[in-house]
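Reading through the structure tokens given below for one structure.
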2 protein chains.
Amino acid sequence: MREKNASKDLLEKNIAGEITLSEKPGKALRKWREIFGITQKNLAKTLKISPSVLSDYESGRRRSPGAEFIKRYVLALVAQDRRKEGGITGKIPETAKSGAVLDIREFIKPMTGRAFLKYVNGRIIADEGDLDKKIYGYTVIDSIKAILELSDTQFPQIYGLNNQRALIFTKVHMGRSPMIAIKVTKPKPVLVIFHGVAPSEVDKLAVKIAEAEKIPLIISLTENEEKLVEDLKKIEA
Amino acid sequence: MREKNASKDLLEKNIAGEITLSEKPGKALRKWREIFGITQKNLAKTLKISPSVLSDYESGRRRSPGAEFIKRYVLALVAQDRRKEGGITGKIPETAKSGAVLDIREFIKPMTGRAFLKYVNGRIIADEGDLDKKIYGYTVIDSIKAILELSDTQFPQIYGLNNQRALIFTKVHMGRSPMIAIKVTKPKPVLVIFHGVAPSEVDKLAVKIAEAEKIPLIISLTENEEKLVEDLKKIEA
DNA sequence: ACGTCAAATCGTCGAATGTCGATTTATGTG
DNA sequence: CACATAAATCGACATTCGACGATTTGACGT
């Protein structure tokens, strides 16, 4: 009597729903393909269609993909991810829903990104932006849960009262999904911090996005998630 | 600083996702239209298209509606519901996610539906089926949360080890959604019980479905949800 | 600077969508 | 029973999808 994983269907449904409701379905298609780290060519092979079809969608020549197409697309993405080691889906716990946002705070008086570094035991990975820019608060996000729960419309809500803030992602796998999420949403953080991934394991695409967006990318080396949140609470006593 | 309701987007995304991933999108379109209690003609007017278009989709002549169409469809449904008094969406609380299934149990030895009645203080609403059929367990479901969380693929999971059971829905508004959900899924309960709605307020369509499916429909008059669950625990000590 | 691989572009074409309107077929309700 | 009203059915037709393959453009590694 095997146990069924409820998150599974949830993930697929969320993705499909987001694509369908998206202003530009093509953008959403691309977003998810990138999050899963699959190339157009590769995915095209799985779907047994020509890569140009995918490109045509993503770039907007075809603007309203049919339900059938979206379904095959999403199912292929997820199935392919499930098949390989270290995929997104493997990280999703069966239980534990809700609570993607672990903490959210505003500072009374702002501090620079550089000053913020020591609270998270941070190591700089990308710094095309400006670490001396002021930040006015931070948000800690469980990146795994965020995949399931937040997206598109909800994502901007993690910015509190102001968007001059640091976004801290925990349980980061490679950093691909968080960075792509940031890439495609409007308000952008001043600083991004990953926790749970080794500096050497950070996804290259993630770094590239950080550089392109001019957002400094930091890896926190704090022992664990709990301590990280603890340490952050010490700011501005 | 107006508060944003996160469930809102969630609901729409869930519906859109379900339609998109559905084996037969047309069936899903119909399901949700019926749940929201809107006629084809009415909805067609809102969408500024001919009613036959909707019929064509629902009956399957057009099998793969485009993202654009689905989006307009879902948005129209939800918007229209939000506009009117006593709609589905008004019932959805902003907070409180997860936990649609309040209780689930299997009996050691089966009992008849009629015997089950007294545990829920039940009043018979429809009885084209057989109240003397044996039931082997029950599942208590928060019908509001079920709309958001369960659907299609997840729904069958509320049947425990056996499907010869009673499904008890709490926080029932008119009983439309639960009955339609039952109508469109494969394993069907032997008995359906509503809690939270007055016998006179039960949706006519719901009753009709119950009769057509030959599933006895009962209204529980137990004071409140908590007591209902309590009382049920007393079965087969 | 060259080669490679991913992605973008674009012309083309059959099939399916998206839409109407007219006509039937239920399904009630007085 | 007959008349509204909802829904199903169907022929018609313009638009777009869904798909291919050839050709550019873009990034990156060496």
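Residue numbering restarts at 1 for every chain, and letters A, B, ... go by the order of the sequence lines. Quick caveat, the model's predicted, so the values are computed rather than measured.
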* To do: Please report how far the helix from C:dA1-D:dT30 to C:dG30-D:dC1 bends, comparing the axis fitted to its first five pairs with the axis fitted to its last five, to the nearest 10 degrees.
  => 50°
* Asked: Any salt bridge between B:E68 and A:R63, counting N to O under 4.0 Å?
  -> no
* Asked: Taking NZ, NE, NH1 and NH2 as the nitrogens, is one of them in B:E18 or B:K27 under 4.0 Å from a carboxylate oxygen of the other?
  -> no
* Validation row: A:M179, A:V192 side chains within 4.5 angstrom (heavy atoms) -> yes
* Rounded to the Å, how far apart are A:K48 NZ and D:dC20 C1'? -> 17 Å
* Whole-Å gap separating C1' (D:dG21) and NZ (A:K45) -> 18 Å
Short side-chain to backbone donor-acceptor contact, [X] and [Y], under 3.5 Å:
X      : Y      : result
A:K188 : A:K183 : yes
A:S64  : B:A67  : yes
B:R33  : B:I38  : yes
B:S220 : B:V120 : yes
A:H195 : A:T222 : yes

* Structure fact -> Reading nucleotides 4-13 of chain D from 5' to 3' and marking B where a protein heavy atom lies under 4.0 Å of the base, S where only the sugar-phosphate is that close, and - otherwise, the string is --SSBBBBB-
* Can you check whether B:K208 has a side-chain N or O nearer than 4.0 Å to OP1 or OP2 of C:dT27? -> no
* To do: Look at the rings of A:F116 and A:Y138 and say which category their plane angle falls in: under 30° parallel, 30 to 60° tilted, over 60° perpendicular.
  => tilted
* Residue-level proximity of residues 63-74 of chain A to DNA chain D when a heavy atom falls under 4.0 Å -> A:R63, A:S64, A:P65, A:G66, A:F69, A:R72
* Asked: Would you say the ring centroid of A:Y57 lies under 6.0 angstrom from that of A:F69?
  -> yes
